[in-house]
Amino acid sequence: MQIFFRVVIAHFPIFYLGLFCCASPPGATAQGVEVIDSLKNELPKLPEDSTKALLYDEICWQLLYVNPSEALKYADSTILLSEQVHFPKGIVKGTSNKAGCHYVMGDLEKALALHEKCDSLSTVFGYLRGRRAANSNIANILYQTGDFAKALERHTISLKWAVEDKDTVGVVKAYSNQSAAMMAMGDFQAAIETMLKALELMGQTAVDKWLYGIVHNNLCACFHEIHDFEKSVPHCRKAIQVLEETERFALLPTPLFNLGDAYSILGKRDSALAMLKKGFEYGPEDRTLYYGYAHLGSWYSLGDQLDSALHYMQLAYGFAKQTGLAPEAATAAFNVGKIYQKKGKEQLAYQYFSEGIKGLESLPGNQVQLTEGYRDYLLLKSKLGLRIPPEEMERYIEMRDSVFSEKKEALLNEIETKYETRLKQDSIGMLEIQNRLVVSELDRSENLKWLFATLATLFVCLSGALYYFFRLKKSESQRLARDMEILESANLDLKDSLSDKEKQLVSPAFLAQQPITLTNREKTVLQLGDILYIKAERGAVQVVTAGEKYWDWQLLKHYAAILPEGLFVQSHKSYLVNRLHVKELKATTLSLSNGNALNVGKTYRENLQAALLRPSENG
């Protein structure tokens with residue numbers, strides 16, 4: 001079972017860094033309404049001056065998330081009165097709040113234009129804090145629209161004005177927002193360094209304590225990305241501690257799931273499951289809950305606790321379908337099917353595989369996962385004795401070739417490139433001959449004899465060059481046609497070799513050509529025939545080829561269950577070997593094609609010997 005959601009959970013906390021960009025919005029509580037009413041009652045008592053403009057601004061802010069349409073009127077009143085009394089700060093504040101109203105109402109384009117205006121006004125008035133806030137708000141909108149590079153530029157400008165204004169809180173916010181953009185761009189090392197600067201400054205200024213938790217949680221996510229899980233654990237713990245102390249319970253699932261993920265990678269299984277289960281105590285009804293269910297289902301499956309695994313994976317599948325998470329629903333369907341297959345309920349597994357294929361076919365991308373799922377679907381269909389239509393097999397071959405085999409396309413590109421290069425070389429050569437002959441003709445133009453000889457030479461050379469050019473073009477065309485025939489013949493041979501589907505599904509030679517995707521960080525794709533053996537080691541496995549060794553956070557029993565019996569056989573409690581690479585079997589050891597020797601367990605020897613005696617090809 002693939003732990004497919006590890007990276008997604010690591011990325012999930014990025015959203016919360018946006019909370020640095022503004023203070024907590026006022027709630028639409030009864031107490032909040034009373035505050036707004038009391039502020040409105042003060043308006044008639046004030047003269048038309050800067051104090052009243054600031055009161056308009058405060059009422060606008062209180063109404064911003066409660067009634068943005070009404071707040072917009074007070075923003076306009078702030079701007080109008082500030083212009084009348086020549087109060088530059090009020091003009092900037094009113095324009096900024098007006099941008100905030102449009103932002104809350106979903107008009108990002110207008111909000112962006114107004115924040116740009118704030119920046120210009122702050123420049124004219126020499127209002128550094130206004131410039132910092134304007135650039136920070138512009139960056140947040142750019143971040144939301146996916147333009148992370150420009151967002152980082154604006155946050156850097158915001159940092160510059162905060163430093164110049166000696167605004168320590170503004171510097172902390174700018175560092176935090178910079179790190180969010182860096183994370184989104186994949187520069188995790190730079191994000192870590194920037195967040196550590198923010199944490200250092202937080203100890204020197206007054207910021208909300210819960211923001212410490214957000215920074216620590218995002219540091220955990222960054223350390224996940226650079227595979228330094230030992231360092232991610234203390235930051236996750238600190239995030240959980242701070243968020244619990246400040247009662248920010250809605251933010252707790254993310255660091256809890258992150259900590260569970262780190263524990264699982266470090267092999268602390270019980271601690272990992274405890275953190276995952278605790279995350280459900282605070283889990284909101286969003287994508288986080290789906291990943292929590294899926295994570296638990298995956299870990300129970302790895303421990304062969306199939307009933308618990310099925311329970312949580314079905315919860316993930318149902319939640320994804322109910323909330324419209326189409327890619328997650330398709331992935332969960334495949335995983336439910338795999339658990340049913342482990343339980344021996346192959347009819348149910350077949351139904352979920354079919355559901356997963358339908359889901360992935362309706363989505364753009366996901367070609368690798370769709371190809372792998374289609375392979376499992378066809379193998380299970382064959383095992384159930386169901387007929388595999390030729391078009392289904394041809395479709396799988398087509399998908400497999402497009403994803404895992406680019407040899408045909410590379411060969412055609414090579415032939416085409418060589419042909420075009422030769423044509424260009426011939427054209428250049430012919431032009432050089434023409435230039436030399438023209439120069440020769442001009443040098444000897446006074447002598448008719450030499451002129452005649454030159455013309456004759458030019459005619460002969462041009463004729464020869466053209467003859468050589470067209471002959472070479474014809475030769476290259478014939479060679480291209482022959483290569484195309486070879487490719488077509490190879491393609492026909494491939495289709496003919498697949499005519500007997502059930503026979504070839506169990507052929508070791510056929511199986512050796514099939515791809516497998518490891519569940520390591522790089523999602524390494526190997527052909528089964530390239531694998532020499534798989535070794536269990538410290539709660540994981542090493543997949544060994546002739547030239548490389550790959551780590552995979554799976555158990556050996558996982559590969560023993562999914563790898564074809566016709567190709568791989570267990571020779572020891574710690575080894576699965578590819579029988580095509582076994583050269584010699586002795587009393588207690590076997591030797592492989594690369595010269596390695598592996599121990600043979602007594603309980604496995606008889607089965608291993610029988611497997612090695614079977615023929616390597618069908619027929």
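Values below: every heavy atom of this structure, side chains too, minus hydrogens, waters and symmetry copies.
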For the backbone of [Y] and the side chain of [X], can you confirm whether one donor and one acceptor N or O come within less than 3.5 Å of each other?
X	Y	value
Asn67	Leu63	no
Ser96	Val92	no
Ser77	Lys73	yes
Ser354	Tyr350	yes
Asn218	Ala221	no

Does some side-chain heavy atom of [Y] sit less than 4.5 Å from a side-chain heavy atom of [X]?
X	Y	value
Arg237	Gln241	no
Gln305	Asp307	no
Ser158	Asn177	no
Thr78	Asn97	no
Arg131	Glu164	no
Ile141	His115	yes
Phe229	Val233	no
Leu152	Tyr143	no

**Report entry** Interatomic spacing from CG in Asp187 to CD in Gln189 - rounded to 0.5 Å
**Finding:** 8.0 Å
Query raised in the report: Do Cys101 and Cys60 have their SG atoms less than 2.5 Å apart?
Result: no
Report task. Could you tell me if the ring centre of Tyr352 sits under 6.0 Å from that of Phe334? Result -> no
Query raised in the report: By side-chain contact (heavy atoms from CB on, under 4.5 Å), which residues pair with Glu355, not counting sequence neighbours?
Result: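 In terms of side-chain contact (heavy atoms from CB on, under 4.5 Å), with neighbours along the sequence ignored, Glu355 is linked to Tyr317, Lys321, Ala333.
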Requested in this report: Take atom NZ of Lys52 as the centre, draw a 6.0 Å sphere, and report whether it contains more than 12 heavy atoms from other residues, nucleotides or ligands.
Outcome: yes
Query raised in the report: Charged N to carboxylate O under 4.0 angstrom, Lys40 versus Glu70?
Result: yes
Query raised in the report: Going by distance alone, is a donor N or O of one side chain under 3.5 Å from an acceptor N or O of the other, for Ser136 and Arg154?
Result: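 No, Arg154 and Ser136 have no side-chain donor paired with an acceptor closer than 3.5 Å.
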